[in-house]
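Inspection log for the structure reproduced underneath, given as structure tokens.
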Amino acid sequence: MTDQNPISIYRKKALVNFEGKDFLGQIGIDSRIFTTLNKGGISVGVISQQAIENGVSVLVDEKDAEDAVALLKKEFQNEKAAGIVSNIYSIDNLCVLGFVSEQNAKIMSELQRNKIYPLLLNQVSSTGRVNIVVTDNQTEITQNIIETELFGKPKVVHLALIGHGNVGSTLIEQILDSAYDILNRKRIDLKVVAISNSKKMALNKSGFGSDWRQKINYSNTKSNISELISYTKEHNLENLIVVDNTASPAFVKNYTKFVENGFDVVSSNKIFNTLPISDYRNFRTQLAKNNKKYLYETNVGAGLPLIDTLKLLHLSGEDITRIKGVFSGTLSYVFNQFSVRDEKFSTIVKEAMNKGFTEPDPREDLSGNDVARKLLILARELDLMNEFEDINIKNLVTEPLLPISKDEFLTRIDELDETFQKIKDEQEPYHVLRYVGDLHGDLSQDKGELDVKLISVPANSALGQLKGSDSIFEIYTESYGENPIVIMGAGAGAKVTARGVFGDILRVSETK
């Protein structure tokens with residue numbers, strides 16, 4: 001902040017408000033208000049006809065508010081009897097922030113993004129002087145926003161991180177490791193002010209440091225979304241982002257509540273984007289209404305720039321005709337290995353489990369549901385109205401193995417070997433197996449065709465040359481014809497996913 005252009009702050013102020021039918025614009029009203037209050041020894045700060053429709057607002061010292069209301073009710077008793085004035089009352093515990101600026105539109109936009117709606121905005125065009133009246137508890141956050149816009153003060157972004165498992169804990173460490181560099185390069189001060197899981201949460205308005213694990217371990221505060229939101233309001237924290245690193249179907253139900261209370265949302269949780277299309281679209285309406293963002297690049301492809309690419313193609317008017325690929329890093333590894341090694345299918349699955357590639361119950365991966373959710377997310381990026389029930393999914397687990405416990409399944413997993421060995425042996429020469437998601441059909445209609453299935457492809461094709469646990473996505477468009485846009489790389493892993501979530505956090509932060 002410079003000495004030439006400081007922010008003046010005046011506390012313990014009150015607004016005396018007039019409301020009434022056709023009151024706005026009455027000749028001589030301002031003069032009568034000013035004269036009446038001055039005769040009563042009350043100093044008037046600002047008279048404005050901007051704050052209330054069909055009304056006038058007068059700024060006075062809080063200690064004089066009660067007397068001011070009484071004097072004005074007496075002065076305007078005839079207008080009240082005639083119905084011109086319907087009400088005269090005061091709002092106490094206010095603060096005025098005064099400054100000189102030519103960036104009023106940007107400042108007001110940022111205030112609104114943070115759910116700050118000034119009770120009065122007074123501008124003196126000849127001097128560029130602006131006076132903003134807010135409630136006293138909003139003073140600090142308003143001052144921070146104004147200083148950020150006027151004087152280049154680092155923008156403080158407050159993060160509430162939900163879920164601190166593999167991805168969540170990796171993300172916290174990445175944020176802490178990069179915070180100083182981001183502050184210097186981007187003038188963004190990232191503060192992790194809340195860390196929570198399904199059972200308990202830890203809160204720190206100043207931001208957690210490297211001891212965050214101990215803080216959450218010893219916290220006695222139970223997880224409570226309402227309490228978390230109240231905490232951010234109590235401490236007037238601006239530029240709020242909630243980050244969902246869970247796989248919880250229950251937690252996504254809170255997204256709208258967060259948005260309505262001033263949060264942007266970043267998520268690696270795929271559940272919300274695969275809810276019924278009515279919920280999906282209603283939430284987008286709430287985002288627009290509250291001027292908030294929702295980023296979820298890691299929902300498909302972990303750290304790969306797939307969703308962004310698809311959005312840009314679609315928004316530019318490109319006619320996307322098909323999306324096909326290997327969506328699961330787990331099943332990528334399984335079939336990459338099974339196709340080229342002389343090993344049993346069950347052996348490869350157990351190997352993937354030992355490497356930490358699968359869910360604790362590998363049937364969750366082998367069911368194809370995860371691939372189906374990702375495929376549905378991409379379909380909805382193209383404004384298709386498909387539901388999860390529309391997807392044709394080839395479950396890789398045979399019927400007898402579906403209802404049993406996880407432990408029993410692991411003892412009987414070799415029952416799958418004969419089935420998959422036969423599929424492998426019956427392929428054409430120089431072909432390999434891949435488990436793919438395929439969005440196709442006439443994508444200019446309301447719905448596309450979605451298939452999740454095991455296929456055999458030439459070993460020298462793009463799909464056939466996939467290695468390790470990498471993912472690959474082929475985007476076919478009318479302009480590119482038979483030559484798809486190919487996005488390939490690491491599609492799984494805590495580090496890759498956390499880095500993608502971090503990227504979304506920074507993109508939201510830069511637009512605040």
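What's counted below: heavy atoms across the whole structure, side chains too, no hydrogens, waters or symmetry copies.
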Side chains of [X] and [Y]: do they bring a donor and an acceptor to under 3.5 Å?
{"X": "N395", "Y": "R363", "value": "no"}
{"X": "D370", "Y": "S328", "value": "no"}
{"X": "N137", "Y": "T135", "value": "yes"}
{"X": "T358", "Y": "T330", "value": "no"}
{"X": "K257", "Y": "S226", "value": "yes"}
{"X": "N239", "Y": "H158", "value": "no"}
{"X": "K200", "Y": "N220", "value": "no"}
{"X": "S444", "Y": "D442", "value": "yes"}

Contacts of type side-chain contact (heavy atoms from CB on, under 4.5 Å), residue [X], not counting sequence neighbours:
{"X": "A498", "result": "V167, T170, L171, Q174"}
{"X": "L410", "result": "M353, P362, K406"}
{"X": "L183", "result": "P154, D189"}
{"X": "E260", "result": "T256, Q286, N290"}

Is there a donor-acceptor pair closer than 3.5 Å between any side-chain N or O of [X] and the backbone N or O of [Y]?
{"X": "S339", "Y": "N336", "value": "no"}
{"X": "R113", "Y": "N291", "value": "yes"}
{"X": "Q112", "Y": "Y117", "value": "no"}
{"X": "S367", "Y": "E364", "value": "yes"}
{"X": "T148", "Y": "N144", "value": "yes"}
{"X": "N254", "Y": "I225", "value": "no"}
{"X": "K205", "Y": "L237", "value": "no"}
{"X": "S219", "Y": "T221", "value": "yes"}
{"X": "N114", "Y": "I116", "value": "no"}
{"X": "N386", "Y": "G448", "value": "yes"}

Got a sec, which pairs hit salt bridge (Lys or Arg N to Asp or Glu O under 4.0 Å) with one end in [range], sequence neighbours left out?
{"range": "residues 319-332", "value": "R322-D438"}
{"range": "residues 278-287", "value": "none"}
{"range": "residues 220-248", "value": "none"}
{"range": "residues 375-386", "value": "R380-E387"}

Quick one: are [X] and [Y] in side-chain contact, heavy atoms under 4.5 Å?
{"X": "S101", "Y": "I107", "result": "yes"}
{"X": "L313", "Y": "I485", "result": "yes"}
{"X": "F263", "Y": "K292", "result": "no"}
{"X": "Y435", "Y": "V326", "result": "no"}

Whether [X] and [Y] hold their rings parallel, tilted or perpendicular, with breakpoints at 30° and 60°:
{"X": "Y255", "Y": "F283", "value": "tilted"}
{"X": "F338", "Y": "F335", "value": "perpendicular"}
{"X": "F420", "Y": "F345", "value": "parallel"}

- Query: With ring centroids as reference points, do F473 and F327 lie under 6.0 angstrom apart?
  - Reply: yes
- Query: In chain order, what residues pass the salt bridge (Lys or Arg N to Asp or Glu O under 4.0 Å) check against K186, with sequence neighbours excluded?
  - Reply: E510
- Query: Who are the salt bridge (Lys or Arg N to Asp or Glu O under 4.0 Å) partners of K115, not counting sequence neighbours?
  - Reply: none
- Item | Any pair counted as ring pair (Phe, Tyr, Trp, His ring centres under 6.0 Å), so long as it reaches residues 349-381, sequence neighbours left out | Y333-F357
- Task: For residues 179-215, pull every pair meeting ring pair (Phe, Tyr, Trp, His ring centres under 6.0 Å), keeping only residues two or more places apart or in separate chains.
- Result: none
Taking atom [atom1] of [X] and atom [atom2] of [Y], what is their separation to the nearest 0.5 Å?
{"X": "N245", "Y": "S267", "atom1": "CG", "atom2": "OG", "value": "7.5 Å"}
{"X": "K199", "Y": "I216", "atom1": "NZ", "atom2": "CD1", "value": "12.0 Å"}
{"X": "I393", "Y": "L396", "atom1": "CD1", "atom2": "CG", "value": "11.0 Å"}
{"X": "K106", "Y": "L111", "atom1": "NZ", "atom2": "CG", "value": "10.0 Å"}
{"X": "L376", "Y": "N273", "atom1": "CG", "atom2": "CG", "value": "8.5 Å"}
{"X": "S405", "Y": "D361", "atom1": "OG", "atom2": "CG", "value": "9.0 Å"}

- Message: Between L416 and S346, is the side chain to side chain contact (heavy atoms under 4.5 Å, CB included) condition met? List the steps.
- Response: CA-CA 7 Å; L416 296 173; S346 60; 6.0 Å; no
- Task: In sequence, state the C-alpha distance, the side-chain angles, and the governing distance for D264 and V259, and then conclude on side chain to side chain contact (heavy atoms under 4.5 Å, CB included).
- Result: CA-CA 6 Å; D264 292 283; V259 166; over 6 Å; no
- Task: Before giving the answer on side chain to side chain contact (heavy atoms under 4.5 Å, CB included), spell out for I505 and L159 the whole-Å C-alpha distance, their side-chain angles and the decisive distance to 0.1 Å.
- Result: CA-CA 9 Å; I505 291 171; L159 306 174; 3.9 Å; yes
- Query: Are there more than 12 heavy atoms of other residues, nucleotides or ligands under 6.0 Å from atom CG of N166?
  - Reply: no
- Query: Counting only heavy atoms not in Q214, do more than 12 sit closer than 6.0 Å to its CD atom?
  - Reply: yes
- Report the residue from I241, L506, I182 that forms a side chain to side chain contact (heavy atoms under 4.5 Å, CB included) with V157. I241
Taking [X] first and then [Y], would you say they form a salt bridge - that is, a charged N and a carboxylate O separated by under 4.0 Å?
{"X": "D136", "Y": "K12", "answer": "no"}
{"X": "K13", "Y": "D92", "answer": "no"}
{"X": "R412", "Y": "E408", "answer": "yes"}

- Flag this pair as yes if the NZ/CZ of K350 is under 6.0 angstrom from the six-membered ring centre of F409 and inside a 45 degree cone about the axis; otherwise no. no
- Message: As a quick check of understanding, evaluate side chain to side chain contact (heavy atoms under 4.5 Å, CB included) for Y476 and I320, giving each step before the final call.
- Response: CA-CA 6 Å; Y476 293 82; I320 296 172; over 6 Å; no
